[in-house]
There are 2 protein chains.
Amino acid sequence: MTRAAAPACTEAGLPDPARMTGETMARVAKALGHPARIRILQQLDRCIPSVAGQIMDDSGLAQSTVSEHLRILREADVLFARKDGPRTWYCVRRSVLHAFARALEDLALEPVLRHHPG
Amino acid sequence: MTRAAAPACTEAGLPDPARMTGETMARVAKALGHPARIRILQQLDRCIPSVAGQIMDDSGLAQSTVSEHLRILREADVLFARKDGPRTWYCVRRSVLHAFARALEDLALEPVLRHHPG
DNA sequence: TTCACAAATCGGCGAATGCCGATAGAGGCG
DNA sequence: CGCCTCTATCGGCATTCGCCGATTTGTGAA
């Protein structure tokens, strides 16, 4: 473990999208719609410093490509970036993934059992 | 309700992907990554005949475009198509959506709480 | 200031996507 | 048979995506 200790990187204060709209669902799904980005999320199960370089080593992708994938995940609110010096700590916004999963479960429910707001 | 009665359209016999691979997750997510396709799924909460025409009316998209969206969802195993005469019944493969949602919840879990096979 | 390093951004390329109108194929009905 | 309805597929076009090497930006260290 040559890796520096990761700073606390909770999601406290970040907005938890309560009822996800179809637009938001599509936006998140699109961001998740690439194997490299799923792999990134699987590696990012905790805050890791110098992610781009780390992931580049593992995936064989160029640094710029990994940075692009990270940007896409960040813009879809799936990742949260925290700059600390010359490097960037990334962490998964678990609440967003969770809300998305819940919205999907809702779609997968039988209509008669489906949760309706109000 | 000018609509004909939909036939039974369960998923019996369809494979339920137990542990979804990252590749499969990305494939499903990509198929879900468009607002029109999310809307289609929301409308398809039960089996509906003549879906393409129905969705075309609601969305303003051309018939060929809707057919394309349906194909993408079908090829990602999110929809199940059953031909009956000149029309096609579509239904949501709830088990696939469910498995995908479960895989996402797994990603959203804290690492220490995560389910591991075996 | 100068250097080194991590990360983001730029420019460009080929491939894929989203959309449409037009066409083709399958089936029911006269 | 011909005609109509519904759906799938084709051709084409503009846009976006994924990837790369090269460059720029931001930060800390010497």
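What you see is a predicted model, and the numbers here were worked out from it, not measured in a lab. Order of the sequence lines sets the chain letters (A, B, ...), proteins ahead of strands, with each chain counted from 1.
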Using side-chain heavy atoms (C-beta onward) and a distance below 4.5 Å, is A:Q42 in contact with B:L107?
yes

Rounding to a whole Å, what distance do you find between A:L32:CG and D:dG18:P?
12 Å

Which nucleotide, D:dC10, C:dC19, D:dG21, lies nearest any side-chain atom of A:A62?
D:dG21

From C-beta outward on A:S64, which listed nucleotide comes closest to its side chain: C:dA8, D:dC20, C:dA6?
D:dC20

Answer with yes or no whether A:Q63 presents, from its side chain, a donor or acceptor under 3.5 Å of a partner atom in the base of C:dA6.
no

Once you round it to whole Å, what is the distance between P of C:dA8 and CG of A:L79?
11 Å

May I have the distance from B:R82 (atom CZ) to D:dA8 (atom C1'), rounded to whole angstrom?
19 Å

Nearest to the side chain of A:L61 - D:dC20, D:dT7, C:dA8?
D:dC20

Find which nucleotide of DNA chain D each of A:K83 and A:I72 is nearest to by heavy atoms, and output the residue with the more 5' nucleotide.
A:I72

Any side-chain N or O of B:Y90 under 4.0 Å from OP1/OP2 of D:dA8?
yes

Distance check: side-chain N/O of B:T65 vs OP1/OP2 of C:dC19, anything under 4.0 Å?
no

Would you say CD of A:E75 has more than 12 non-hydrogen atoms from neighbouring residues, nucleotides or ligands within 6.0 angstrom?
yes

Of the candidate nucleotides C:dA7, D:dC17, C:dG18, which contains the atom at the shortest distance from the side chain of A:K30?
D:dC17

Just N and O in the side chain of B:H69: are any of them under 4.0 Å from OP1 or OP2 of C:dT17?
no

Taking atom CZ of A:R102 as the centre, report whether more than 12 heavy atoms of other residues, nucleotides or ligands fall under 6.0 Å from it.
no

Should A:H34 be listed as having a side-chain N or O under 4.0 Å from OP1 or OP2 of D:dC19?
yes

B:R71 CZ - D:dT9 C1' separation (whole Å)
9 Å

If you only use heavy atoms from C-beta on, which nucleotide in C:dG27, D:dG28, C:dA8 is closest to the side chain of A:P86?
D:dG28

Could you tell me the separation between the CG atom of B:L70 and the P atom of C:dC19, rounded to a whole number of Å?
12 Å

In whole Å, what is the span from the CD atom of B:E68 to the C1' atom of D:dG11?
13 Å

Hydrogens and angles aside, do A:T21 and A:T24 bring a side-chain donor and acceptor to less than 3.5 Å of each other?
yes

Return the value, rounded to whole Å, for the distance between atom CZ of A:R27 and atom P of D:dC17.
13 Å

Between atom CG in B:D84 and atom P in C:dG28, what is the gap in whole Å?
8 Å

On the 0 to 90° scale, with breaks at 30° and 60°, tag the A:F100-B:F100 ring pair as parallel, tilted or perpendicular.
perpendicular

Looking only at side-chain N and O atoms, does A:R37 come under 4.0 Å of OP1 or OP2 in D:dG18?
yes

